[in-house]
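Please read the structure below before turning to the comments.
Since this is a predicted model, take the numbers as computed values, not measurements. All ligand and atom numbering here is 1-based and tracks the order in the structure.
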Amino acid sequence: MKSDIELIDANGKRLDGRTNDQLRDVKIEAGVLHRADGSCYLEWGGNKVVVAVYGPREAIPRHTQDPLRAIVNARYNMAAFSVDDRKRPGPDRRSREISKVISEALEKVVLIDLYPRAAIDVNIEILDAEAGTRCAGLTAAGVALADAGIPMKDIPVGCAAGKIGAETKDGKVSGGHVVLDLGKEEDNFGDADLPIAISPRTDEILLLQMDGHLTVEEFNKAMELAMKGCHDVSKLQKDALINKYAADVEEVE
Ligand code: UDP
């Protein structure tokens with residue numbers, strides 16, 4: 001999209017001062033809700049997300065049951081107050097799409113064969129949205145599933161990369177810069193966004209979407225950056241779980 005904002009300067013500094021391969025600040029806390037089987041609170045830049053996991057439990061209504069495996073129901077919801085223009089409450093096309101792709105990504109790592117006829121509910125609530133909420137939501141869901149003790153092959157993690165600055169202030173088209181983890185203005189006025197989710201142990205791709213246009217070289221560069229971002233955030237997920245369980249052990253002792 002064209003904009004009057006210069007998203008990246010001649011020195012490669014972005015609007016918020018980040019370099020092209022720098023993530024926004026990420027903070028993760030596991031086990032924040034007492035009534036959920038597993039939960040997570042995550043801040044990623046200006047995004048604030050809480051995830052509650054329930055299950056595995058018998059899938060109801062019964063026609064939703066799969067006799068061979070569990071179903072993972074991720075429900076992504078943006079709070080009405082999470083965006084600048086109040087969002088109409090309830091599901092819309094976008095939140096249904098995000099719920100579907102996150103459910104499919106999580107089903108690739110959860111050992112669903114262990115729980116025939118069961119459902120695992122993953123409620124993702126976006127309290128504050130500032131671009132990259134699907135990756136933030138999926139990352140928090142990975143921690144909440146682990147916190148619930150649900151067996152998984154790996155803790156899934158998401159991160160995006162994208163392209164900004166192809167169109168400069170005076171309307172000239174320059175090459176554009178491939179950057180990690182788009183911020184809000186970069187998402188709104190940038191040229192492409194490539195959110196991915198992976199299983200960091202194997203680098204298996206669990207989710208890959210793309211908005212905008214990238215050349216093959218730009219795509220490869222964006223994938224490389226997003227993969228690196230995923231691995232960095234994966235460490236923070238593990239730290240959050242270790243912190244929670246270390247605190248639990250201390251309490252017992
Ligand atoms: N957004 C908004 N209103 C909406 C949907 C999105 O203001 O109804 C904003 C929000 O900040 C979101 C960003 O647009 O994070 C980018 O949305 P996108 O659909 O690209 O998904 P995301 O990057 O959050 O995964």
Without hydrogens or angle criteria, can the side chains of Tyr54 and Asn123 be said to hold a donor-acceptor pair below 3.5 Å?
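The answer is no; no qualifying pair exists.
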Indicate whether the side chain of Arg94 and that of Tyr76 have a donor and an acceptor atom separated by less than 3.5 Å.
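Yes, a side-chain donor-acceptor pair sits under 3.5 Å.
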May I ask you to say whether [X] pairs ionically with [Y], meaning some side-chain N is under 4.0 Å from a carboxylate O?
X      : Y      : answer
Arg18  : Asp25  : no
Asp9   : Arg14  : no
Asp128 : Lys48  : yes
Lys108 : Glu204 : no
Asp21  : Lys228 : no
Arg24  : Asp181 : yes

[atom] - nearest protein heavy atom and its distance:
atom                    : value
atom 14 (O) of ligand 1 : Asn188 OD1, 4.6 Å
atom 24 (O) of ligand 1 : Thr133 OG1, 2.5 Å
atom 23 (O) of ligand 1 : Gly132 N, 2.8 Å
atom 25 (O) of ligand 1 : Arg134 NE, 2.8 Å

Atom 16 (C) of ligand 1 protein-contacted, heavy-atom criterion under 4.0 angstrom
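Yes, because at least one protein heavy atom sits under 4.0 Å from atom 16 (C) of ligand 1.
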Ligand 1-proximal atoms of Met78, by part, heavy-atom distance under 4.0 Å
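The answer is the side chain of Met78.
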Have a look at ligand 1 and work out which part of Val83, if any, has a heavy atom under 4.0 Å from it: side chain, backbone, both or neither.
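It is the side chain that touches ligand 1; the backbone stays farther off.
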If we ignore hydrogens and angles and just use 3.5 Å, is the side chain of Ser103 paired with the main-chain N or O of Ala74 as donor and acceptor?
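Yes, Ser103 side chain to Ala74 backbone: donor-acceptor pair under 3.5 Å.
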Does [X] reach ligand 1 with a nitrogen or oxygen that is under 3.5 Å from one of the ligand's nitrogen or oxygen atoms?
X      : value
Asp193 : no
Ala131 : yes
Tyr76  : no
Arg94  : yes

Does Pro195 have a heavy atom less than 4.0 Å from any atom of ligand 1?
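Distance cut 4.0 Å: Pro195 fails for ligand 1.
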Against heavy atoms of Asp187, which atoms of ligand 1 measure under 4.0 Å?
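The list of qualifying atoms is 16 (C), 20 (O), 23 (O).
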